[in-house]
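A quick write-up on the structure given underneath.
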Amino acid sequence: MGQLLRVQNFTVSSDGIGAGKDQSVESPFGLDPSPMFEWAAATASWNLRTEPGGSRGLDDYFIRDFSCNIGAEIMGRNKFGPQRGPWKDHEWQGWWGDEPPFRTPVFVLTHHERPSFTLADTTFHFVNGEPAAVLDQARAAAQGKDVRLGGGVSTIRQFLDADLVDTMHVVVSPVRYGAGLKLWDSPDELRDRFHLEVVPSTSGVMHHLFWRK
């Protein structure tokens, strides 16, 4: 199938919400995300785990698969940080710390230019273009591997609207937020273009696996 554009481990609430509307440096999701991500934090392979242990079942499999055959990532500006408009502070280098978990080139969608920079083994590039053009850049950087579409919600919807997404793994958590940025009202909205298999986990989440028809 060549290089795929993949959404991987993207988590939403039971009402389809992936983030709140009031993001800030202190609140990257604009809401308390911890209930939504309990499934991931409980796994043995969770990258923020500081103690031994954790589950080794289905959820852990998907956590380990996060970086499998990924050569580049595309993310929206909101996933990089809360700043809006022209970049006023180049010293602040995103929410991801000195060792971001991506370990690939990352293409951040923005209407405002900013120089690329590297933290550990992740290089952030700031690009302004249509989804297809940005995907071409990411595929070139991925050197034959797949490209991960990292989110957030608006970015995933933008690439879905452009019919560029090949596969998606979306985790639906039983938590309900009631308001925020929605990926969907129902996953059935995508059945016209994607096959869908729903796999329940003992943790209480439902893994939604989409692949292009």
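Because only heavy atoms are used, hydrogens play no part in the values below, and waters and symmetry mates are left out as well, while side chains stay in.
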After noting the C-alpha distance and the side-chain angles of Phe10 and Val171, does the key distance pass the side-chain contact (heavy atoms from CB on, under 4.5 Å) rule?
CA-CA 6 Å; Phe10 192 79; Val171 185; over 6 Å; no

May I ask you to test the Phe126-Pro115 pair for a side-chain heavy-atom distance under 4.5 Å?
no

Count the heavy atoms belonging to other residues, nucleotides or ligands that lie under 6.0 Å from OH of Tyr61, then report whether that count exceeds 12.
no

Do the ring centers of Trp211 and His169 come within less than 6.0 Å of each other?
no

Between the side chains of Glu113 and Asn128, does any donor sit under 3.5 Å from an acceptor?
no

Test of understanding: clusters of I, L, V, M, F, W, Y form through side-chain heavy atoms closer than 4.5 Å, transitively. Do Leu164 and Phe194 belong to the same one?
yes

Arg157 vs Leu183 side-chain heavy atoms within contact, under 4.5 Å
yes

Of all heavy-atom pairs between Leu4 and Thr167, which one has the smallest distance, and what is that distance?
CD1-CG2, 4.3 Å

Taking all atoms of both residues into account, what is the closest heavy-atom pair of Asp185 and Glu189, and its distance?
N-OE2, 2.8 Å

From the list Val199, Thr43, Asn9, side-chain contact (heavy atoms from CB on, under 4.5 Å) with Phe62 holds only for Asn9

Parallel, tilted or perpendicular: ring planes of Phe80 versus Trp87, cut at 30 and 60 degrees:
perpendicular

Identify whether the distance between the nearest side-chain nitrogen and carboxylate oxygen of Asp163 and Arg212 falls below 4.0 Å.
yes

Check whether Val165 and Leu181 end up in the same hydrophobic cluster, where Ile, Leu, Val, Met, Phe, Trp and Tyr are linked by side-chain heavy atoms less than 4.5 Å apart.
yes

Check the side chains of Thr11 and Trp39 for a donor-acceptor pair under 3.5 angstrom, ignoring hydrogens and angles.
yes

Where Pro105 and Gly71 come nearest, the two heavy atoms and their spacing:
CD-O, 3.3 Å

NE2 of His90: more than 12 outside heavy atoms within 6.0 angstrom?
yes

Identify the two heavy atoms, one from Ser173 and one from Val205, that lie closest to each other, and give their separation to 0.1 Å.
CA-CG1, 4.1 Å

If you define the side chain from C-beta out and look only at heavy atoms, does anything of Leu109 sit under 4.5 Å from Thr155?
yes

So with a 6.0 Å cut-off around NZ of Lys213, is the heavy-atom count from everything else above 12?
yes

Decide yes or no for Leu5 and Arg148: does some side-chain heavy atom of the first lie under 4.5 Å from some side-chain heavy atom of the second?
no

So, are Arg103 and Glu73 salt-bridged, with charged N and O less than 4.0 Å apart?
no

Would you check, one step at a time, whether the test salt bridge (charged side-chain N to carboxylate O under 4.0 Å, His left out) holds for Asp166 with Arg139?
CA-CA 13 Å; Asp166 295 300; Arg139 280 180 167 152; 3.7 Å; yes

Identify the two heavy atoms, one from Trp96 and one from Pro101, that lie closest to each other, and give their separation to 0.1 Å.
CE3-CD, 3.9 Å

Can you label the angle between the Phe102 ring and the Phe124 ring as parallel, tilted or perpendicular, going by 30° and 60°?
perpendicular

Might you point out which heavy atoms bring Leu149 and Ile156 nearest each other, and give the distance in Å?
CD2-CA, 3.9 Å

